[in-house]
Amino acid sequence: MTVSRRPLLTARRRTASAVAALGAAALLLTGCGADSGADAKDKGGKDAAASGGTRTVKDATGKVVEVPANPQRIVTLTQEDLDAVLALKIKPVGITNGQGLDEPPAYLKDKVKGIDIVGGLLKPVMDKVVAAKPDLILAGDMQDEQVLKQLREITPATLVTMAPTDDWKMSFRGIGNAVNKLNDANKVIADHEAAAKAAGEKLGANKSAAVSIVRWNPDGPSWMEKKQFASGVALEMGLQRPANQNKDGNAHAPSLSLEKIDEIDGDWLFLSTLTSDGEKALKDVQTKPAYKELGAVKKGHVVTVNGSVWSTRGGPLASDVVMNDISKALTKS
């Protein structure tokens, strides 16, 4: 398997970037409020949406970017960007492969048939991007300034859509603003939150259960902090996190040794991997006494889930997958 992905935030990286990222997030929302909807104007003073003119927005870094009022040829460089535009009922003209995959994300497979692939996750092939003739490029959390420079030569309407500590809702609203569909984005979020609350009410005996959310890496398990994407969905459903995992932040904890494996225990344990080496490490540890002694394992409360969904930065369609996985598992018991 070819793995092409940016690493999710570690606690140290998160701490170093938190102040700058929070400022960028504020700028993104400022841009949304200033330039979206019926008040957006083109240079001639006409209504931009009607004239096919341009709008000015701020991306997740605070950079001011002029974008088409009604973009027609969007290229997405991450699966979060792809998830977002599909949720807004927009079909892009170019996409990249999913996180940890050498193909598009499986959960979006039926929605991306016939769309050209222009490279790996955050690794666009420039000739393929040029061939897609984009009028807007959504560049995810791209940090490579040289790549961004090349993309902006293809179209100046290239936006970084996620700062390091932004959650999926922040990013999604920014994308909604960029494509002139902020009201639609807000409705998608409101509908998701209502659905998550309703799903949580149907969990019966597992309502308020403590769920451990873990990605198994080649060097051991790493649990997710409570503001990380999948954890956020669980909390919206009214579930809890184990006490030792109830930490603010949207990062993964450092990989644990076998001696500390009890830190991943909970009423329920949701396990994912992203690489073949991670899968092998998980299979190996499942034969060990320390793993078999976990309370969730003894109860048969271990659920294997798709790491390319659960370990992403998230989006509305991925959120639906996580919510449905939790509901299916916890209503069976």
Side-chain angles (χ1 to χ4, degrees), residues 5-29 59-62 78-81 83-84 98-100 105 121-122 139-143 160-175 185 189 192-193 196 210-217 221-256 263-264 266 270-274 305-323 325-326:
R5 66 180 180 89
R6 73 288 197 200
L8 289 168
L9 290 175
T10 63
R12 283 182 293 180
R13 179 184 167 197
R14 183 200 63 231
T15 300
S17 60
V19 174
L22 286 171
L27 284 169
L28 177 58
L29 286 185
D59 75 1
T61 69
T78 70
Q79 76 180 53
E80 291 88 357
D81 294 320
D83 186 307
Q99 177 161 288
L121 179 74
L122 288 175
D141 53 343
M142 175 71 73
Q143 298 178 25
V160 175
T161 60
M162 180 173 277
T165 59
D166 285 352
D167 64 16
W168 73 263
K169 294 176 186 177
M170 174 76 77
S171 178
F172 182 53
R173 285 191 175 100
I175 292 170
I189 290 172
H192 159 76
E193 290 173 345
V211 295
S212 174
I213 303 175
V214 173
R215 185 180 71 200
W216 215 282
N217 306 308
S222 177
W223 51 263
M224 302 179 191
E225 295 175 335
K226 71 177 185 180
K227 290 183 180 177
Q228 193 273 345
F229 160 61
S231 177
V233 176
L235 295 176
E236 287 176 320
M237 296 175 70
L239 295 166
Q240 308 296 319
R241 299 299 306 281
N244 65 296
Q245 296 181 22
N246 197 33
K247 308 292 185 183
D248 275 333
N250 63 349
H252 285 69
S255 296
L256 299 170
E263 288 187 25
I264 71 168
F270 288 85
L271 287 177
S272 67
T273 61
L274 272 175
V305 292
N306 187 337
S308 68
V309 176
W310 280 64
S311 283
T312 66
R313 302 285 289 275
L317 301 182
S319 295
D320 289 343
V321 174
V322 171
M323 182 173 63
D325 284 347
I326 292 173

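These numbers come from the heavy atoms of this one structure, side chains and all, not from hydrogens, waters or symmetry mates. This one's a predicted model, so the numbers in the text were calculated from it and none came from an experiment.
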- In terms of heavy-atom contacts, D83 and L317 come closest through OD1-N, 2.9 Å

- Query: Parallel, tilted or perpendicular for H192 and W168, by the 30°/60° rule?
  - Reply: perpendicular

- Task: Show your reasoning for whether salt bridge (charged side-chain N to carboxylate O under 4.0 Å, His left out) applies to K227 and D167.
- Result: CA-CA 8 Å; K227 290 183 180 177; D167 64 16; over 6 Å; no

- Message: If we ignore hydrogens and angles and just use 3.5 Å, is the side chain of S255 paired with the main-chain N or O of S222 as donor and acceptor?
- Response: no

- Query: Less than 4.5 Å apart, any side-chain heavy atom of F229 and any of M224?
  - Reply: no

- Item | Given I189, V233, V309, the one that forms side-chain contact (heavy atoms from CB on, under 4.5 Å) with S319 | V233

- Task: Mind listing the closest non-hydrogen atom pair of A84 and I175 along with its distance?
- Result: CB-CD1, 3.6 Å

- Message: Just by distance, no angles: are the side chains of D81 and T161 close enough, under 3.5 Å, to form a donor-acceptor pair?
- Response: yes

- Query: Closest heavy-atom contact between I213 and A234?
  - Reply: CD1-CB, 4.4 Å

- Hey, does L239 have a side-chain heavy atom less than 4.5 Å from the side chain of I326? yes

- Contact summary for L256 and W223, nearest pair of heavy atoms: CD1-CD1, 3.9 Å

- To the nearest 0.5 angstrom, please state how far the NZ atom of K247 sits from the CG atom of N250. 16.0 Å

- Task: Decide yes or no on salt bridge (charged side-chain N to carboxylate O under 4.0 Å, His left out) for R215 and E225, but give the supporting numbers first.
- Result: CA-CA 12 Å; R215 185 180 71 200; E225 295 175 335; over 6 Å; no

- Closest approach of L235 to K226 (non-hydrogen atoms, all atoms of both residues): CD1-O, 3.5 Å

- Can you find a pair of side-chain heavy atoms, one from V211 and one from Q240, that are under 4.5 Å apart? no

- Item | Side chain proximity check, W310 to V322, heavy atoms < 4.5 angstrom | yes

- Query: Between S212 and R241, is any side-chain donor less than 3.5 angstrom from a side-chain acceptor?
  - Reply: no

- So do the side chains of D320 and M323 get within less than 4.5 Å of each other, counting heavy atoms only? yes

- Write down the atom of Q228, the atom of A251, and the distance for their closest heavy-atom approach. CB-O, 4.3 Å

- Query: Atom CG of D325 and atom CG of N306: how far apart are they, to the nearest 0.5 Å?
  - Reply: 8.0 Å

- Task: Supply the atom-to-atom distance R313 CZ to D166 CG, rounded to the nearest 0.5 angstrom.
- Result: 7.5 Å

- Message: Counting C-beta onward and ignoring hydrogens, is there a side-chain heavy-atom pair between H252 and S311 closer than 4.5 Å?
- Response: yes

- Message: Counting C-beta onward and ignoring hydrogens, is there a side-chain heavy-atom pair between L122 and D141 closer than 4.5 Å?
- Response: yes

- Check: S272 and W216 side chains under 4.5 Å, non-hydrogen atoms: no

